[in-house]
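Report on the following structure.
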Amino acid sequence: MTGWAGTNWQFFDDEDTQTRIGVTFGLGLLDEEVAATGSLSMALAALRTELARPVELGAGRTGFPEVITELGADTSTLLLRGSTETVAAAWRRLPGLFAGWMVTDQIAPIRPEHPVWPADLVQRTGRNAAALAGVQVTASDVRERARALLPRLDPASGRTRTAFFTTDESLVGAGFPVQEGGSGPAPVLQWADGTAKRGPHPARAATGTLPEGPDALARRASGNGPGMLPVSEASIMLSTLVPRSAAGLAAAELLRAQLSATAAHAGQDPATIGLDMLGVGAEFCVFLLTKKPLGDAVRQRVLREFSRTMTLVPDPWVEDAVRETGQGLSPRLSRERRVLGLDDDPGADTGQVRQALIDATQSLHLALEPETHGPGTPGGRKHARPRGRGEKGAAGRGGNTGRERIFRTLPGGDLTTDGSATLAIGQGTLRLASRSAGHGGSTRHEQLIEAESILAVLVDPAGTLAIIDDDQQVLTFHPLLFRRHRALQPCLDRLLAGQPRLEINNDADPTAIRRRLGRAKRFPAWLLAGAAALGVYLIVAIAMANIDDPQVSERITIGETAQLGNGTSITATGFDRRPTAPDDPESEVAVMVRFCAGSDTRKGDLPPETQRSVSPADFGMYNDRLLAARPIDSGSQLRRDTLQQGQCAVGELVFKGAGLSTPRLAYKNPFGDDVVWYSPGQVPAKP
């Protein structure tokens, strides 16, 4: 059962035995300016810290609620889980927690949801904090900003659209009254930097116009038209937009199926094509990925063929997809539509799904190099220099033409190996060039960033600069590495004036660093190491931000421990056989499971608690002919639960079936982790 009380309270049933109550805010990373990066994360962390405190339940009893926060692209959610008594007591605190003083110096920001393809998201939504979600950076005044943000989140203020939800209908209206009329504040029609949001909104429908300036309209047109965009992660194939509706979800799955079929025609395994989605207001941004990188020629052939045939989906596929949406939208999607100011979705039909597929062709971005494989990037904007291409920039092949100021590294060391690095500052450009030694000579490396494409300037406690642009290219150096650094600094200041500056925490001691800076002379080897380390950190962080924790597939012996990608460990011991009736052809086998939770699951379309949750239904027992045994209840059975990081659950699993002389225990979760414990000596050899 799913329903609404008034316009702001949703109630629904599901399989979870624990009561849940929460609130979804119509505010996410796309709504946060780059200069304010981390403020929403810090505000949510303050609310989580206060709500997670133990609650007194009377008669000497204490409750410990589970508090889950989700910071997404355009919404954020705060969820309490536990017994009805516990979550109700904790929830009663929430109305009084939207005061700035809740953000103390001890609060650490939560980890936000990171986009699969940040450079693509910048094209579509402009510059905002979502583009930096994969790098642990914050504004220098992040706590002050979070303190100012908390009152804005307060549902009683009417400044942010909110929707409450619970699995216990008796809690509807708790803490926050049911609203019978009105729909809350008008939805914001722009992303953080003024880029116009796409899709239907009541304010637009009433006026028939788009309330946005010509610059925002131009960015909107250029950022979402069809085209190509280079990407450093070989797993990403393409992105496009579909409606945030039942029809859009069906269309997204059909696009995945069509790309799988196209890959199969090219001789590739169709099962390797995956799908990820990110909310961008009235639409989902759909990312199609491949688990196994394709060769460049195959990649071009598959994507070009798909771009021609993406709407040629067979009718039976469409009809099956519509039938699968017949049970209605998920409670989460219905709730998100409300906080984003969208009308309730009546469901999908074949015509709507077909139209969604057609519309997706108008916002298709292929992950290909435009300079090599076709015309310009989406909307015709000339793309920034590809990583590692070594373009000559303003100086040209002859070196400095007078339009650049050239600064060379100090003798005795630099960012590379042979002391030849130069930093060239031009009119609106910054170029770092160096050489590395190799067999038969040296290789020239060059990075060029245009000032107009700079997303942010990241600074570590040592003063190392990491300049990141819209395409996620990172240029890293320390000004003190260069001769005439006193003349260099004013040139940098002019070039970087007005750019957002964010702090990156590399666990250094700022006081000690300042002392070392004061003593630094001609050979600042520690500065070289620091700059190189920061550069490596940022490159790895940005690359890893686009790769979810890997799925685990292990075949081990009973008694051994499997560790999932998020740090969860699962140990199974036993295969203890229990006596049955002499004439019973089946036997009973028991195992003991110890499940210790790791960190949150990092996959955009799965809840963060996916790999922290345990259930007997996740396990199965099979005989040597792969026939399944049936589970049997026991007094000490492993119970379904969601654990906090570091918590453990221990319990027994008992199965009954035929042919269990050499049983095997299998574990599988929604993330795709797959573990099988075998009897001693039975583990199959690796291929």
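These numbers were taken from a predicted model, which means no experiment stands behind them. As a basis for the values below, the full set of heavy atoms in this structure was taken, side chains included, without hydrogen atoms, waters or symmetry mates.
- In terms of heavy atoms, Leu150 sits closest to Gly100 at CD1-CA, 4.5 Å.
- The shortest side-chain heavy-atom distance between Leu458 and Val135 falls under the 4.5 Å cut-off.
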Review point. For Phe287 and Asp120, what are the C-alpha separation, side-chain angles and deciding distance, and is it a side chain to side chain contact (heavy atoms under 4.5 Å, CB included)?
Key: CA-CA 10 Å; Phe287 303 95; Asp120 182 65; 3.8 Å; yes
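- To the nearest 0.5 Å, the span separating CG on Leu47 from CG on Leu51 amounts to 6.5 Å.
- Proximity of Leu492 to Pro479: side-chain heavy atoms (C-beta onward) are separated by under 4.5 Å at one or more points.
- With Arg299 contributing its side chain and Ala367 its backbone, the two residues share a donor-acceptor pair below 3.5 Å.
- Within the 3.5 Å criterion, the main-chain N or O of Arg152 finds a donor-acceptor partner in the side chain of Thr160.
- Nearest heavy-atom pair, Gly26 versus Asp31, reported as atom, atom and distance to 0.1 Å: O-OD2, 4.3 Å.
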Exercise for review: Please test Phe482 against Arg408 for side chain to side chain contact (heavy atoms under 4.5 Å, CB included), starting from the C-alpha separation and ending with a verdict.
Suggested key: CA-CA 5 Å; Phe482 296 88; Arg408 302 185 186 280; 5.7 Å; no
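- Residue Leu455 forms a side-chain contact (heavy atoms from CB on, under 4.5 Å) with just one option from Leu502, Val474, Leu132, and that option is Leu132.
- Contacts of Glu283 classified as salt bridge (Lys or Arg N to Asp or Glu O under 4.0 Å), with partners at least two apart in sequence or in another chain: Arg198.
- Across every non-hydrogen atom of Gly126 and Thr195, the tightest pair is CA-OG1, 3.6 Å.
- One finds the NE2 atom of His365 at 13.0 Å from the CD1 atom of Ile236 (value rounded to the nearest 0.5 Å).
- In terms of modelled atom types and a separation under 3.5 Å, the side chain of Ser363 and the main chain of Thr240 share no donor-acceptor contact.
- Between the side chains of Glu32 and Ser39, at least one donor-acceptor pair of N or O atoms lies under 3.5 Å.
- Once rounded to the nearest 0.5 Å, the distance linking CG of Leu121 with CG of Asn128 reads 6.0 Å.
- Between Gln447 and Arg431, every side-chain heavy-atom pair lies at or beyond the 4.5 Å cut-off.
- Results of the side-chain contact (heavy atoms from CB on, under 4.5 Å) test with Leu241 over Val286, Leu364, Val280 single out Val280 as the only residue that passes.
- With hydrogens and angles disregarded, no donor-acceptor distance shorter than 3.5 Å links the side chain of Thr568 to the backbone of Leu564.
- Expressed to the nearest 0.5 Å, how far CG of Leu432 lies from CG of Leu475 amounts to 5.0 Å.
- The closest donor-acceptor contact from the side chain of Thr125 to the backbone of Val122 lies at 3.5 Å or more, if one exists at all.
- No side-chain heavy atom of Pro230 sits under 4.5 Å from any side-chain heavy atom of Leu368.
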Practice item. Start with the C-alpha distance between Ser235 and Thr290, add both sets of side-chain angles, then the distance that settles side-chain hydrogen bond (donor to acceptor under 3.5 Å, both in side chains), and finish with yes or no. Key: CA-CA 5 Å; Ser235 63; Thr290 177; over 6 Å; no
**Study point:** Verdict with supporting geometry, Leu229 and Gln123, side chain to side chain contact (heavy atoms under 4.5 Å, CB included)
**Key:** CA-CA 9 Å; Leu229 197 67; Gln123 288 277 335; 3.9 Å; yes
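- Contact detail for Phe477 and Ile467: the closest heavy-atom pair is CE2-CD1, 4.0 Å.
- Formation of a donor-acceptor pair under 3.5 Å by the Lys197 side chain with backbone atoms of Val188 is found in this model.
- Judged by distance alone, with hydrogens and angles left aside, the side-chain atoms of Arg161 form a donor-acceptor pair with the main-chain N or O of Pro185 at under 3.5 Å.
- For the pair Asp469 and Arg127, the salt-bridge criterion is not met [side-chain N within less than 4.0 Å of a carboxylate O].
- Between Leu495 and Gly426, the closest heavy-atom pair is CD1-O, 4.1 Å.
- His485 NE2 to His478 NE2: the interatomic distance, rounded to the nearest 0.5 Å, is 10.0 Å.
- Distance CZ/Arg48 to OG/Ser41: 8.0 Å, rounded to 0.5 Å.
- Within the 3.5 Å criterion, the main-chain N or O of Leu78 finds no donor-acceptor partner in the side chain of Thr69.
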Practice item. Test side chain to side chain contact (heavy atoms under 4.5 Å, CB included) on Trp117 and Leu278 and set out the steps. Key: CA-CA 10 Å; Trp117 194 0; Leu278 203 64; over 6 Å; no
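- Of all heavy-atom pairs between Pro112 and Leu29, the closest is CB-CD1, 3.6 Å.
- Arg484 places a side-chain heavy atom less than 4.5 Å from the side chain of Phe407.
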**Study point:** Worked check of side-chain hydrogen bond (donor to acceptor under 3.5 Å, both in side chains) between Ser239 and Arg124
**Key:** CA-CA 11 Å; Ser239 77; Arg124 296 187 183 279; 2.9 Å; yes
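- At least one side-chain heavy atom of Gln473 sits under 4.5 Å from a side-chain heavy atom of Ile449.
- The closest donor-acceptor contact from the side chain of Asp154 to the backbone of Phe98 lies at 3.5 Å or more, if one exists at all.
- Considering only heavy atoms from C-beta on, Glu404 comes within 4.5 Å of Ile406 through its side chain.
- Between the side chains of Thr601 and Gln611, at least one donor N or O lies within less than 3.5 Å of an accepting N or O.
- Contact annotation: the side chain of Val103 approaches that of Met42 to within less than 4.5 Å [non-hydrogen atoms, C-beta and beyond].
- Defined by atom type and a distance below 3.5 Å, a donor-acceptor pair is present between the side-chain atoms of Thr24 and Thr77.
- The backbone N or O of Thr104 sits less than 3.5 Å from a side-chain atom of Arg143, completing a donor-acceptor pair.
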